[in-house]
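In listed order, ligands and their atoms are each counted from 1.
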Amino acid sequence: MSLTLTHAAHSHAGTPAGTVTAAAPLKGGPTLPQERRLVTSIPGPKSVELMQRKHDAVSSSVGTMMPVYTAAAGGGVLIDVDGNSLIDLGSGIAVTTVGNADPHVAAAVMAQVQSFTHTCFMVTPYDNYVTLAEKLNALTPGDHAKKTALFNSGAEAVENAIKVARYYTGRRAVVAFDHGYHGRTNLTMALTSKAMPYKSGFGPFAPDVYRAPMSYPYRDGLSGEEAAKRAIHTIEKQIGADRTAAIIIEPIQGEGGFVVPAPGFLPALQRWANANGVVFIADEVQTGFVRTGQMFASEHEGIVPDMMTLAKGIAGGLPLAAVVGKAEIMDAPHTGGLGGTYGGNPISTAAALATLESYEANDSLTRATEIGAILLEVLSGLQANDARIGDIRGRGAMMAIELVTAEGAPDAALTGAVAKFCHNAGVIVLTCGTDGNVFRLLPPLSISDELLREGLGVLAEALAAN
Ligand code: PLZ
């Protein structure tokens, strides 16, 4: 086969050769009709056909929560290949916080992709990377000198944060927490607490990783100070402060069940870490970038982490992650010790700069708080008449309910049934929790009040029907 390219195949104006379809291409973003509209059953016939092709071509180890194939998304909806319009209350797992195909982000990506797509920052650098580093250094908590390094995924950011903390301290032990989630690579699997589906069969895991008890007020009834004392006792007795390089913790746990630690827990841990030369790493991969009603969830309790891991909401859907930390820590390893082919790719960094501008232009902090108020109001109304909603927790546009049986035991079956009902009714929702009994809401901040309330109305129907 000839590899000669014609001008037609390179045309900027037209549809790429070979992909012409009869229907007009669907554009994403907020111009899509903002409505829930089902024109087929879920999944529709085109999605069913694609599921069959996936079954034949894609590793069955890669699961999909909803068998619905995407054609476009934006505002608060996702349009599938069958023409169904679904309400998005998941943001692709807390990623499209700024909105899917945000016009400003899309324009920045288009401009960058037509300028240059890659050089490798380690070979011939470019200014977007540096500008983003400056912005992240300024935006993250604390007025100490900071430095940033960019990577591709949350797990990769966590891996690198641990590498740096170990190098800086000359110590090996790393402490994570019960219910914590930090990724699926070898080191981050070790840090992640839940076996299925993340770890089972994939060992052996990285050594010198330990787990301390989390503050989980709904389940342990402890104050923040009491829970911190318990965690610190575990670390001191089972590892030793002088062997501990870092503790890594999500200020609000994501996959583990949207667990918000009792007030005072995080500050007490930070004080202990500071006093013992232990690097305090806040994993804000899920909580970062406006979602919780602050730029970073650490700010709700005035925490100033030594290092932070960031990803997801950073770049409007483009793959990008960052480690931001105290300059003396970030500069500890030798030059060339950190890197990777694609880390801080120019398209992703352009998207990130535009995403930060969109957050600002859209007054997204206010929007996250408003969405949080609506979520709390509706969920509290549901809880008043439904004892199965054991707990409502979260902050801003990161809110969840924990579903329990009459005896107070985790009810994963009910949680799964409620989610399934929502999916079939055209609402994208996610579950989480070590026990699979937490129903979480992560709407894009670009969703309208009306659509959000309609989606929550479907949740109410789902609870009533189960
Ligand atoms: N740290 C706090 O939430 C990713 C995982 C989805 P990556 N959470 C979604 C799944 O089932 O794989 C996450 C996180 C926190 C790290 C990560 C890892 O980020 O970009 O998925 O590697």
* So, are E225 and R271 salt-bridged, with charged N and O less than 4.0 Å apart? -> yes

* **atom 9 (C) of ligand 1: the protein heavy-atom neighbour that sits closest, reported with distance to 0.1 Å** => K312 NZ, 3.1 Å

* Where does E250 meet ligand 1, judged by heavy-atom distances below 4.0 Å: at the side chain, the backbone, both, or neither? -> side chain

* Counting from 1, what ligand 1 atoms have a heavy atom of I93 closer than 4.0 Å? -> 6 (C), 9 (C)

* Considering only NZ, NE, NH1 and NH2 on the basic side and carboxylate oxygens on the acidic side, decide whether K46 and E49 come within less than 4.0 Å. => no

* To do: Indicate yes or no: does D411 engage R388 in a salt bridge with an N to O separation below 4.0 Å.
  => no

* Looking only at distances, please establish whether an N/O atom of ligand 1 is found under 3.5 Å from an N/O atom of Y198. => no

* Asked: Is there a heavy atom of E156 sitting under 4.0 angstrom from any atom of ligand 1?
  -> no

* Establish, for the pair K199 and F205, whether the NZ or CZ atom is under 6.0 angstrom from the six-membered ring centre and no further than 45 degrees off its axis. => yes

* Asked: What is the ring orientation for Y216 with Y218, classed by angle as parallel under 30°, tilted 30 to 60°, or perpendicular over 60°?
  -> tilted

* Asked: Above 12 or not: heavy atoms from other molecules or residues under 6.0 Å from NE2 of H55?
  -> no

* Asked: Between A155 and ligand 1, does any nitrogen or oxygen pair lie at a separation below 3.5 Å?
  -> yes

* Asked: When you check the gap from the basic side-chain N to the acidic O, do R219 and D391 get nearer than 4.0 Å?
  -> no

* To do: Pick one of side chain, backbone, both or neither for how R184 approaches ligand 1, counting any non-hydrogen atom pair under 4.0 Å.
  => side chain

* So, D306 and K326, do they make that salt bridge, N to O below 4.0 Å? -> yes

* Per-atom contacts, ligand 1 versus S153 - under 4.0 Å to a heavy atom -> 20 (O), 22 (O)

* May I ask you to check whether Y181 has an N/O atom sitting below 3.5 Å from an N/O atom of ligand 1? => yes

* **Polar contact flag for D283 and ligand 1 (N/O pairs, less than 3.5 Å)** => yes

* Taking non-hydrogen atoms only, is Q253 closer than 4.0 angstrom to ligand 1 via side chain, backbone, both or neither? -> neither

* Protein heavy atom under 4.0 Å of atom 22 (O) of ligand 1 -> yes

* Where on A311 is there a heavy atom closer than 4.0 Å to ligand 1, on the side chain, on the backbone, on both, or on neither? -> neither

* Asked: Looking only at distance, does G154 have an N or O less than 3.5 Å from an N or O of ligand 1?
  -> yes

* Residue, atom name and distance, where the atom is the protein heavy atom closest to atom 3 (O) of ligand 1 -> Q286 NE2, 2.8 Å

* Asked: Can we say R36 and D88 salt-bridge, meaning some charged N sits less than 4.0 Å from an Asp/Glu carboxylate O?
  -> no

* Would you call R393 and E402 a salt bridge, taking side-chain N to carboxylate O under 4.0 Å as the test? -> yes

